[in-house]
There are 2 protein chains.
Amino acid sequence: MPGKMQRIPDVVIRRLPVYLRYLHQLQEYEVETVSSQQMGVDLNLNPAQIRKDLSIFGDFGIKGMGYKVAELAEQISEILGLNKEIPIVLVGVGNLGAALCRYNRYQESATKIIGIFDGHPSKIGQQHGSLEVRPMEELTEFVQQHKVKLAILATPPAAAQSVCDALVAAGIKAILNFAPLLLQAPPHVRVSNADVTSELQALAYYLHG
Amino acid sequence: MPGKMQRIPDVVIRRLPVYLRYLHQLQEYEVETVSSQQMGVDLNLNPAQIRKDLSIFGDFGIKGMGYKVAELAEQISEILGLNKEIPIVLVGVGNLGAALCRYNRYQESATKIIGIFDGHPSKIGQQHGSLEVRPMEELTEFVQQHKVKLAILATPPAAAQSVCDALVAAGIKAILNFAPLLLQAPPHVRVSNADVTSELQALAYYLHG
DNA sequence: GGGAGAATGTTAAAATTATAACAAGCCTTT
DNA sequence: AAAGGCTTGTTATAATTTTAACATTCTCCC
């Protein structure tokens, strides 16, 4: 019901891709419907939470029956904006960047890297799949020309903040940051940190707790 | 005060590495003390939250003065168990795995990859830095012999669950999972998901919201 | 076509997490 | 050595998030 605008919590948004992947898996097994109960068991989540998450966006279920897998997957895709291809630029084509580049090609997903950039002269022109590493000077124009709104940042930490500034200036709206530092970005730009070292350090705690 | 046992929230544990990195940065600039207020500004966090997080583990601050940077960094390291080296095995030496392997060498951190494994015969024996790819058959013995408790899983999704099972059976206590699927593991094994596609999909939402 | 069973969407309660407020205490300066 | 100004640790309050409960309604089967 779109009567009153409500802010949707981040935690909910972050669960949607989990639901979506699960539904795609069910589709592979040609399962046609699924209940929140079943989803809860398979995903280790509370069924009430799943129903509540989904009901924020609409009445997708059928009472007494559950959710139609294909239909729900379609709905979630639409909520996330994955119906049309989402172009991405990747900055920093080191080991990790190159790996992410290849990873992206194999994954079947709407999010697609369409341009890769690096500040180091020796990298320029290198071929990664169908993509050629471009110099940083071309970043702004490329982003604006292809209306790119999402970026992956995989540079060394020393370069990360200035690359971030350049991305923001070019009109990027969201950044997935692999550099191990806290990026400073304006509030309208969303930064998600995917820092391996931090993840490992947090896990370390549970080894002796 | 260790009088009453209290469960420490995950969110708090996940902020500790953030604090730690920040403190290390301050150390580079030879800053000796820092207040929760200053930390709050720099890390975009509420000062009260920072103080509360830290006070769970002890009284590290000095009233009227703040926290001694070096001392606090030391305390947090100890809380996380980073004082001694934490051995890690990495399973799946594809593009991503190899990148993580190199990444780990450059990062200065207590968490250290000491063994790398792959199920594909062509990979066995390949050299990555000082490490040689071992066959899966050696995993259990290696893990037990070196008392490894933490693993990075970077295999293709199809192999991920069986590798997970093998890791659990070998005595692994925590897994950082890069494979795009939900691992089933017993409750005493902590799994942290670092799934690039899911992260990107969640970010996609904010491009049109 | 009607009744039993099942599963949703929603409302209410509980639990968790974040923020604010403040008394206590330490450092610095006079 | 005493006072003032900071900043902590902690207690209290607010906000958010999770879980439970239930009335509603849909499907399936006889």
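Within every chain, numbering begins at 1; the chains are lettered A, B, ... in the order of the sequence lines, protein sequences first and strands thereafter. Given the structure is predicted, the values throughout are model-derived calculations rather than measurements. Side chains are part of it too, since the values below use all heavy atoms of this structure and drop only hydrogens, waters and symmetry mates.
Whole-Å rounding puts the B:Lys52 NZ to C:dA18 P distance at 9 Å. The distance between atom NZ of A:Lys68 and atom P of C:dA7, rounded to the nearest whole Å, is 16 Å. C:dA15 atom P lies 13 Å from atom CZ of B:Arg7, rounded to whole Å. Here C:dT8 presents its C1' atom at 15 Å from CD of A:Gln75, a figure rounded to the nearest Å. The CG atom of A:Asp10 sits 12 Å away from the P atom of C:dA18 (whole-angstrom rounding). Counting to the nearest Å, the P atom of C:dA7 and the CG atom of A:Asp59 are 18 Å from each other.
Of the residues in residues 26-46 of chain B, those with a non-hydrogen atom less than 4.0 angstrom from any atom of DNA chain C are B:Asn46.
Of the residues A:Leu153, A:Leu150, A:Val148, the one that meets the side-chain contact (heavy atoms from CB on, under 4.5 Å) test with A:Ile172 is A:Val148.
Applying the ring-ring contact (aromatic ring centres under 6.0 Å, His included) test to residues at least two apart or on different chains, the pairs with a partner in residues 166-209 of chain B are B:Tyr205-B:His208. Applying the side-chain hydrogen bond (donor to acceptor under 3.5 Å, both in side chains) test to every pair with at least one member in residues 162-186 of chain A, sequence neighbours left out, gives these pairs: A:Gln161-A:Asp165, A:Asn177-A:Asn193. The salt bridge (Lys or Arg N to Asp or Glu O under 4.0 Å) contacts involving residues 67-81 of chain B comprise nothing, where partners must be two or more places apart or lie in separate chains. Pairs passing the salt bridge (Lys or Arg N to Asp or Glu O under 4.0 Å) check and including a residue from residues 179-190 of chain A, sequence neighbours excluded, read A:Asp10-A:Arg190. Identified under the ring-ring contact (aromatic ring centres under 6.0 Å, His included) test for residues 8-38 of chain B, with sequence neighbours left out: none. Within the structure, every pair that satisfies the salt bridge (Lys or Arg N to Asp or Glu O under 4.0 Å) test and touches residues 199-209 of chain B, not counting sequence neighbours, is listed here: A:Arg14-B:Glu199.
Using modelled atom types, one side-chain atom of A:Asn104 and one backbone atom of A:Thr111 make a donor-acceptor pair closer than 3.5 Å.
Under the side chain to side chain contact (heavy atoms under 4.5 Å, CB included) criterion, A:Ala169 pairs with no residue at all, not counting sequence neighbours. For B:Ala48, the side chain to side chain contact (heavy atoms under 4.5 Å, CB included) criterion is met by B:Asn46, B:Arg51, not counting sequence neighbours. Considering only residues two or more places apart in sequence or on other chains, A:Phe142 meets the ring pair (Phe, Tyr, Trp, His ring centres under 6.0 Å) condition with A:Phe117, A:His146.
Closest-nucleotide positions on DNA chain C for A:Phe60 and B:Ala48 were compared, and the one nearer the 5' end corresponds to A:Phe60.
Among the heavy atoms of the strands, none lies under 4.0 Å from B:Pro47.
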Give the B/S/- string for nucleotides 22-30 of chain C, one per nucleotide from 5' to 3', where a protein heavy atom under 4.0 Å of the base yields B, of only the sugar-phosphate yields S, and otherwise -.
--BBBS---

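Taking the 5' to 3' direction, DNA chain D first and last meets chain B under 4.0 angstrom from a heavy atom at D:dC6 to D:dA12.
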